[in-house]
Peer 1: 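This is the structure I want to talk about, given as structure tokens.
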Amino acid sequence: MTTQIKDLNHYKEIYAQSVKDPEGFWKKEAESFIWFEPFDKVCEWSFKGPDVKWFLNGKTNITYNCIDRHLIDRADQVAILWEPNESDREAKSITYQELHDEVCRCANGLKSLGVQKGDRVVFYMPMVPELAIGVLACARIGAVHSVVFAGFSAQALADRVDDAEAKIIICSDYNKRGAKNIAVKDVVDEAMNIGCNSVTNVLVHKNTGEKVDWSDDVDLWWHDVVDNQGSMCKAEEMDSEDMLFILYTSGSTGKPKGVVHTVGGYMLYTCFSFRNVFQYKEGDIYWCTADIGWITGHSYIVYGPLLAGATTMMFEGVPTYPDAGRFWEICEKHKVNQFYTAPTAIRALMSKGDEWPEKYDLSSIKVLGTVGEPINEEAWHWYDQKIGKGKAPIVDTWWQTETGGIMITPLPGITDTKPTYASYPMPGIQPVLVDAEGNVLEGNDIEGLLCIKHPWPSMLRTTYGDHDRCKNVYFSAFEDMYFTGDGARKDAEGRIRVIGRVDDVINVSGHRMGTAEVENAINEHPNVVESAVVGYPHDIKGQGIYAYVISQDKDLDDDFKKEILEVVKKEIGPIAKPDKIQFTSGLPKTRSGKIMRRILRKIASNDTSNLGDTSTLLNPDVVDDLIKGAEAV
Ligand code: WT7
């Protein structure tokens, strides 16, 4: 197993070592895995290409390390503990042996459909065990999985399937989420009508058993394809740098990009970070509430915990169903030891009152984690006091889809914690703050742009099908550094606080959204001439979506607003629906025609005392109109 840091001195010692001799440090950690053939070089890199390789020529299979290696000493231990949407339905336990057999059956099933190493398989599924099994089955045979969050629209699904040129879509019939019953297969059918020409089969897992439309040419039932397969399937020999998965995420321009992670480095880093950040101990029950449709679910529900031989819980439902006590009821019921969730969930549950957590015994909780967005002080203290009873350290973990694993975080019981601070870099991670020109800011008590100056094993390798985009977005802003897109500050003792995005990306309930993407969706409405989208502070969501819309020939009323929301829902999904829409006759623009988003952000945030110099605008008059208009939104 990878090293588990014991105390502060140990952290300091291995951090220093990881900076002084990164290759030596990671070599030793990597040797704790099972390699079919050993790697002959630890790392080869240039951020110019970028061209980054870890554990060169090493051959392995991540599922062999997630499952097979544990069969000697933990075959009967629960690998995945599944808690259903309805609290009166029974939880399911899948042991490591059962997981092995299920993954192999599914892998054999995929093979029978002609899926081969390198083929892409898209998942559009609720949080059922078959999602984790399917993902692992792909990794078993070397197929590349791309999980699409099941809240995205048919259009968004089709866009991703087309970009990945996926061969198979795996979905469920329906998805029970809270009180809703979502017709998942219908969405897939619609996506198949819009695009998805590369798809040969849709594999449907029977989840609720309700009736679905069926197309005999492409649709197949999971149980028909998988259930009669054998429970042995050789783990494909994968090169360290073979693709493991693609995960689409939003950027400041254009359509979402497919972030590519590869086998070896991702395997090492998710295991190493999981064991250290959560201080997982034998027998612990670990629960991350994320959806596997996001990177958090990939790294810290599926791969990291299983690599570490942990018991990882998967929850099908939502925090407020059947009531606002559900999370805490589950913590009590399964005696959860590590609990990992998002600030938006904490804020939402905090707003429902202390009586909910007070009803349940939360004494099993040893570590609390947060991820996805900055946590505000009030929520931090509530989490600390009402959930952790002041006894469970909070790990405020900063990372990104692109980083593959947690980069900056306290280590529970090892380093100190400070509200709203992600604090300290993980071993092997070298964060720096730079100014707008890329000069590295030295010392403490500084604020700047967050960059990483040395490669780490689980960093993205490319954006699928468009390597230039990867270069431009992450490696062109500053020479020889990975640019995160975040602004951050360091306190007097050097703890890092990540403030938020400095690009045109907003973070709504921990979901990352490109403003351009939402604008493009709004512009699909035939009566919209132009739009501009910005984020504004939102009590529960962190950031809300504020849309300025220019239209002619249309009544600027609530019905029009509803139509706009419908278009966004259709193009992207309900998570991208603007919270506020303001109709306007113009947008503040520079003489070169660029929208001055800074002004729009201030107006949306009701912070108009200091708008800066607006005299250089092409249309300075529009600013007052916008301020007046905002009062009525
Ligand atoms: C962006 C990445 C990686 C997990 C889920 C989100 C923001 C993430 C924190 C944190 C402040 C955070 C950043 C980052 N973010 N964690 N602890 N404190 N901000 O992944 O969708 O790739 O979004 O989320 O702005 O760049 P993602």
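In listed order, ligands and their atoms are each counted from 1. Because the structure is a prediction, the values reported are computed rather than measured.
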Peer 1: Regarding Arg489 and Asp491, does a basic nitrogen lie under 4.0 Å from an acidic carboxylate oxygen?
Peer 2: no

Peer 1: Between Phe152 and Tyr248, does the ring centroid distance fall short of 6.0 Å?
Peer 2: no

Peer 1: Using the side chain to side chain donor-acceptor pair (under 3.5 Å) rule, collect all pairs that involve residues 295-310, keeping only residues at least two apart or in two chains.
Peer 2: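 Matches after skipping sequence neighbours: His145-Tyr303, Tyr266-Ser299, Ser273-Tyr300.
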
Peer 1: Under a 4.0 Å heavy-atom cut-off, which residues neighbour ligand 1?
Peer 2: Ile295, Thr296, Val371, Gly372, Glu373, Pro374, Asp396, Thr397, Trp398, Trp399, Gln400, Thr401, Asp486, Val498, Arg501, Asn507, Arg512

Peer 1: Which residues satisfy the side-chain contact (heavy atoms from CB on, under 4.5 Å) test with Pro374, sequence neighbours excluded?
Peer 2: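 Once residues adjacent in sequence are excluded, Pro374 has no partner under the side-chain contact (heavy atoms from CB on, under 4.5 Å) criterion.
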
Peer 1: Is there any side chain to side chain donor-acceptor pair (under 3.5 Å) pair reaching into residues 386-397, and which pairs are they, with sequence neighbours excluded?
Peer 2: Tyr340-Thr397

Peer 1: Can the ring centres of Tyr15 and Tyr424 be said to be less than 6.0 Å apart?
Peer 2: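 No.
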
